Participant: 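What follows is a single structure, and I will ask about it in a moment.
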Amino acid sequence: KELCQIKFDQKESKLTGIPYGCFRYCTLLGTEKKTGSNGITKYDPGSISIPNSVTYIGGWAFSNSGIAGVTFGEESRLERIEENAFYNCEKLKSFDVPEGCLYIGIGAFANCEKIETISIPASVVKIDYGAFYACSNAEITVNSNNPHYEMRDGCLYEIGTDTIVFGNRDISNITSTARNIASGAFYGNTYFAPIRIPLNITKIGSLAFGGQPVKVYVEATSKPEDW
């Protein structure tokens, strides 16, 4: 828990992965320790740099840690961010997924409530459910050359299935372009007005609107039995 900094040699590093739970609960990780003239020590939030040689960040690797940012080199070989890798990183403010990354796992950034921006490159082919649970302050951008995901009507969509993976902020109407709502897509979204579910929605995943009280109105062509 007292670990503040980790440093890698970008040119010489042979590290290929950051294993499961490696820096979990390192609450001072990424911070800079400063002691004032009055003898009081404080820790300023900071970032860590991942070497180009790393191809995966394992499950829970940085969960509950104190990092405020993560940087990658232009020649990063990262391919996978596994489940809950950055879960509950309360100081994390932004994250640029490097080009070449293919997979973002279940709950990868869940409960990062202060994260403001997340960028997704053209290379990502799979974002698993709940990757952005309770990231209600996040603005997500997707590289326009990504054939699998796009931002549409304020939501992150999986293109092939017209599935809403994540709902950004002030969403009150699910549009006619959606077919499915993924598990946890709007989980913890504190910006909700009453929301309308149109007829075109065929499937709503578990905890899609969990984590907060919200009124949901569902369109129907007929009155259900016993109503």
Side-chain angles (χ1 to χ4, degrees), residues 80-87 92 94-97 99 101-225 227:
R80 298 177 65 86
I81 301 173
E82 300 291 358
E83 79 282 356
N84 299 300
F86 295 94
Y87 175 84
L92 189 62
S94 65
F95 198 99
D96 294 332
V97 180
E99 183 62 46
C101 185
L102 303 173
Y103 175 71
I104 300 174
I106 299 168
F109 297 95
N111 278 26
C112 293
E113 295 181 356
K114 292 185 179 179
I115 197 165
E116 297 173 353
T117 60
I118 302 170
S119 66
I120 298 171
S123 57
V124 169
V125 299
K126 179 63 177 177
I127 300 174
D128 227 322
Y129 68 87
F132 309 112
Y133 271 164
C135 293
S136 60
N137 290 309
E139 291 287 353
I140 294 180
T141 58
V142 182
N143 187 294
S144 60
N145 292 319
N146 189 309
H148 304 285
Y149 293 92
E150 67 179 359
M151 293 302 299
R152 189 193 311 167
D153 305 317
C155 296
L156 174 62
Y157 274 77
E158 184 180 54
I159 295 172
T161 61
D162 288 323
T163 297
I164 296 175
V165 177
F166 175 75
N168 266 7
R169 299 200 174 189
D170 302 311
I171 303 298
S172 58
N173 290 308
I174 305 298
T175 68
S176 60
T177 63
R179 294 291 176 268
N180 309 290
I181 301 174
S183 297
F186 295 93
Y187 187 96
N189 190 326
T190 57
Y191 293 87
F192 267 136
I195 191 164
R196 181 182 63 85
I197 307 296
L199 290 172
N200 44 278
I201 295 297
T202 61
K203 182 179 180 181
I204 299 176
S206 62
L207 296 175
F209 301 97
Q212 72 291 309
V214 59
K215 290 183 178 179
V216 177
Y217 299 94
V218 181
E219 291 184 356
T221 55
S222 61
K223 188 176 181 179
E225 292 183 14
W227 279 36

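Note that the structure is a prediction, hence the values are computed from the model and not measured. Start at 1 with the first residue, then count along the sequence. Side-chain atoms are counted along with the backbone in the values below, which use heavy atoms only and exclude waters and symmetry mates.
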Participant: Under the side chain to side chain donor-acceptor pair (under 3.5 Å) test, which residues partner Glu83, sequence neighbours left out?
Facilitator: none

Participant: Test: salt bridge (Lys or Arg N to Asp or Glu O under 4.0 Å). Region: residues 141-152. Which pairs qualify, not counting sequence neighbours?
Facilitator: Glu150-Arg152, Arg152-Asp162

Participant: Checking side chain to side chain contact (heavy atoms under 4.5 Å, CB included) against Ile204, which of Ile174, Ile197, Ile164 comes through?
Facilitator: Ile197

Participant: Which residue, Arg179, Lys126, His148, forms the side chain to side chain contact (heavy atoms under 4.5 Å, CB included) with Glu158?
Facilitator: Lys126

Participant: Can you list the residues that meet the salt bridge (charged side-chain N to carboxylate O under 4.0 Å, His left out) rule with Glu219, with sequence neighbours excluded?
Facilitator: Arg196

Participant: Suppose we screen for ring pair (Phe, Tyr, Trp, His ring centres under 6.0 Å). Which residues come up paired with Tyr103, at least two apart in sequence or across chains?
Facilitator: none

Participant: Quick one: list whatever passes ring pair (Phe, Tyr, Trp, His ring centres under 6.0 Å) with Tyr149, sequence neighbours left out.
Facilitator: none

Participant: Between atom CG of Asn84 and atom CG of Asn111, what is the distance when rounded to the nearest 0.5 Å?
Facilitator: 9.0 Å

Participant: List the residues meeting side chain to side chain donor-acceptor pair (under 3.5 Å) with Asn200, not counting sequence neighbours, and say none if there are none.
Facilitator: none

Participant: If only atom types and distance count, is the side chain of Asp153 paired as donor or acceptor with the main-chain N or O of Cys155 below 3.5 Å?
Facilitator: no

Participant: By side chain to side chain contact (heavy atoms under 4.5 Å, CB included), which residues pair with Asn180, not counting sequence neighbours?
Facilitator: Thr161, Thr163, Thr202, Lys203

Participant: Using 0.5 Å steps for rounding, measure from the CD1 atom of Ile118 to the CZ atom of Phe109.
Facilitator: 6.0 Å

Participant: Can you name the residues that form a ring pair (Phe, Tyr, Trp, His ring centres under 6.0 Å) with Tyr157, not counting sequence neighbours?
Facilitator: none

Participant: Between Ser123 (side chain only) and Leu102 (backbone N and O only), is there a donor and an acceptor less than 3.5 Å apart?
Facilitator: no

Participant: With sequence neighbours excluded, tell me which residues meet side chain to side chain donor-acceptor pair (under 3.5 Å) with Ser119.
Facilitator: Asp96

Participant: My understanding is that only residues two or more places apart in sequence, or in another chain, count here; which of them pass side chain to side chain donor-acceptor pair (under 3.5 Å) with Asn146?
Facilitator: none

Participant: Does any N or O in the side chain of Asn137 come within less than 3.5 Å of the main-chain N or O of Glu113, such that one atom is a donor and the other an acceptor?
Facilitator: yes

Participant: The criterion is side chain to side chain contact (heavy atoms under 4.5 Å, CB included); which residues satisfy it with Tyr129, sequence neighbours excluded?
Facilitator: Ile106, Tyr133, Ser183

